[in-house]
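Structure record follows, encoded as C-alpha cells.
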There are 2 protein chains.
Amino acid sequence: MNPDFQKIKSYITNAIQMDEDVFGLALDYFVVKEIKKGDFLLKEGKVCHQIAYIEKGLFRTYFLKDGNEVNTCFCMEDSITLSHKSFVNRVASTEYIQAIEDAKVVTLSYDNLIKLYQLDYAWQSLSNVLTERECIRLSERINAMSFETAKEKYLHLLEKQPEIIQRVSIQHIASYIGVSRETVSRIRSKILL
Amino acid sequence: MNPDFQKIKSYITNAIQMDEDVFGLALDYFVVKEIKKGDFLLKEGKVCHQIAYIEKGLFRTYFLKDGNEVNTCFCMEDSITLSHKSFVNRVASTEYIQAIEDAKVVTLSYDNLIKLYQLDYAWQSLSNVLTERECIRLSERINAMSFETAKEKYLHLLEKQPEIIQRVSIQHIASYIGVSRETVSRIRSKILL
DNA sequence: GTAGTATTGTGACATATGTCAATTGATTCT
DNA sequence: AGAATCAATTGACATATGTCACAATACTAC
C-alpha cells in the first residue's frame with residue numbers, strides 16, 4: 001500500500017471500526033496532492049468536490065464579509081478539511097480553503113465517496129461519525145466565541161488549540177476570534193507579563 | 001393512527017423519503033407529552049434520553065456561564081429539540097431545555113431510536129439528514145453571531161426568525177445574541193423610528 | 001546583503017456596548 | 001381589583017474594543 005495512506009487509515013480506524021478489506025476498497029480512489037503555501041483547495045463559487053485528509057500542513061477556511069476575510073476554521077495534520085455545506089448539498093461554496101503552510105493531502109471525491117457508501121456501510125457510518133463530531137465542535141465554538149470577551153476567547157484558543165497560536169499569524173487568529181489584530185496584540189503582551 | 005402523529009409524519013417524510021409502513025414501525029414508540037410553561041425537558045447533569053418533536057409550543061436551550069443563563073437555541077412548532085451532544089454520546093448534558101410556552105411534544109427515546117435503526121435503514125438515514133442540517137445551521141449561526149455588531153445580529157435574527165422576536169422576551173433574545181438586554185432595548189427603539 | 005514588503009506592536013482617540021440605578025409598564029396571584 | 005412580582009425602558013457613566021497612524025521588527029526576493 002502507498003505509504004501515504006497509512007496515516008489516513010489510522011485516522012479512519014480510530015473513528016470507527018473498519019476491516020482491512022473495507023478500507024482497501026478506497027485505495028484506488030484516494031488521490032495524493034501537494035499544495036503550496038498560499039494556494040487554494042477551494043474557492044468561493046466552486047462546488048466542493050472532495051474531502052481532504054491533511055497529512056502535512058495547515059489550512060484556513062474563510063469567507064468574505066464586506067470585502068474582509070473572516071477566518072472560520074484552521075485545520076492541520078491528521079484532520080479533514082472541506083466545505084461541509086457545499087460538499088453535502090452540491091452547491092457553490094461561500095468559503096475559501098487556503099493552505100497557509102506547504103501541505104500534502106489525501107483527497108477523496110464526492111462521487112467516489114458515494115460509491116464507497118454503496119460498497120460497504122462502514123463508509124456511510126464513517127461519514128455519520130465525522131458529521132456528529134463536526135456538530136459538537138461547532139456548538140462548542142459557538143459557546144466559546146459568542147459569549148466570551150476578547151481575552152477569554154484568546155485564552156480559550158490557547159488552551160484548546162495551542163498549536164494554532166504557534167503556527168498561525170496574529171492577524172488570522174484575530175479574524176478567527178472576531179477581534180482586531182491590535183487587540184490580540186495587546187492581550188498577548190499583557191499575558192506575557 | 002393517533003392524530004397527534006400526523007404532524008411528525010409530515011415532518012419526517014419532508015426530510016427523507018419514507019414508506020408508510022416504515023413510519024408505522026415507530027408508532028408504538030412515540031410518546032406524547034404536555035409540558036407546562038417553565039417546565040424542563042432536560043436539565044444539566046441529566047443524560048438526554050429522548051428527542052422531542054414539537055407539535056405546539058416554544059422551547060429554549062441554555063447553559064450556565066458564571067451563574068448566568070446563556071440561551072443557545074429557540075425551538076418551536078414543527079422542529080425537533082434535544083441536546084445533541086448528550087443524546088449521541090450518552091453523557092450528562094451541560095444544557096437545559098425549558099418550555100417558555102405551554103407545549104405538546106412527541107418524543108422518541110434513544111433506545112427505541114436504536115431499535116428503529118435496526119428495523120429499517122431509513123431511520124438511520126433520517127438521523128443523518130437531521131445531523132447534517134444541524135451542522136449547517138450551527139455554522140451559519142457562528143458566522144452570523146461571531147462577526148456582526150449587536151445591531152446586525154438583532155436584524156439578522158429579525159430577518160431569519162421573525163417569529164422568535166415576537167414570541168420570546170427581550171432578555172432571552174439578548175442572551176441569545178450575546179448582548180445586554182439594555183442594548184437590545186436601545187436597538188429596538190432606534191429601529192422603530 | 002540590501003531593498004522592499006508584509007507583519008506586528010504601541011499610542012491616542014473614537015465608539016459601541018456593558019453596568020448600575022431609577023422609572024415605567026406588564027403579568028400574575030390571591 | 002390591588003398587591004406583588006417581573007420585564008422593559010431610559011439616562012449617566014465606565015470600560016472594552018475598534019480605528020488610525022506610525023514605528024519596529026520580521027520575512028522575501030533579487
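Quick note on labels: first sequence line is chain A, next is B, and so on, each numbered from 1.
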Going through the distances and angles, do B/Y53 and B/Y11 end up as a ring-ring contact (aromatic ring centres under 6.0 Å, His included)? CA-CA 9 Å; B/Y53 169 81; B/Y11 177 81; 5.3 Å; yes
Verify side-chain hydrogen bond (donor to acceptor under 3.5 Å, both in side chains) between A/D19 and A/Q17, making sure each step is shown before the conclusion. CA-CA 7 Å; A/D19 292 341; A/Q17 199 278 321; 3.2 Å; yes
Check against side chain to side chain contact (heavy atoms under 4.5 Å, CB included), B/E134 and B/L130: CA-CA 6 Å; B/E134 177 68 0; B/L130 297 182; over 6 Å; no
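A/Y110 carries A/R90 over the face of its six-membered ring, with the cationic atom under 6.0 Å from the centre and within 45° of the normal.
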Heteroatom pairs (N/O) under 3.5 angstrom, protein to nucleotides 21-26 of chain D:
none

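Positionally, the nearest nucleotide of DNA chain C for A/S185 lies more toward the 5' end than for the other of B/V184 and A/S185. Ranked by how close their nearest DNA chain D nucleotide is to the 5' end, A/E148 and B/V168 are led by B/V168. Closest-nucleotide positions on DNA chain C for A/T183 and B/K37 were compared, and the one nearer the 5' end corresponds to A/T183.
Annotation: the terminal axes of the helix from C/dG1-D/dC30 to C/dT30-D/dA1 meet at 60°, where each axis is the rotation carrying the C1' atoms of four end pairs onto the next four (5 pairs per end, rounded to 10°).
Extent of DNA chain C lying under 4.0 Å from chain A heavy atoms, first and last nucleotide in 5' to 3' order, is C/dT7 to C/dA12.
Using a cutoff of 4.0 Å between basic side-chain nitrogens and carboxylate oxygens, A/K9 and A/E20 are scored as salt-bridged. Between A/K56 and A/D102 there is no salt bridge, since none of the side-chain N atoms of the basic residue sits less than 4.0 Å from a carboxylate O of the acidic one. Ion pairing between a basic and an acidic side chain is recognised when a charged N comes within 4.0 Å of a carboxylate O; A/E140 and A/R137 show no such pairing. With respect to the salt-bridge test (charged N to carboxylate O, under 4.0 angstrom), the residues A/E77 and A/R167 qualify.
The only member of A/E44, A/K46, A/K43, A/R60 that meets side chain to side chain donor-acceptor pair (under 3.5 Å) when paired with A/Y96 is A/E44.
Contacts of A/S169 with the nucleic acid, taken as non-hydrogen atoms under 4.0 Å apart, involve only primed sugar atoms and P, OP1 or OP2.
Taking the side chain as every heavy atom from C-beta outward, B/Y176 and B/R141 approach each other to under 4.5 Å.
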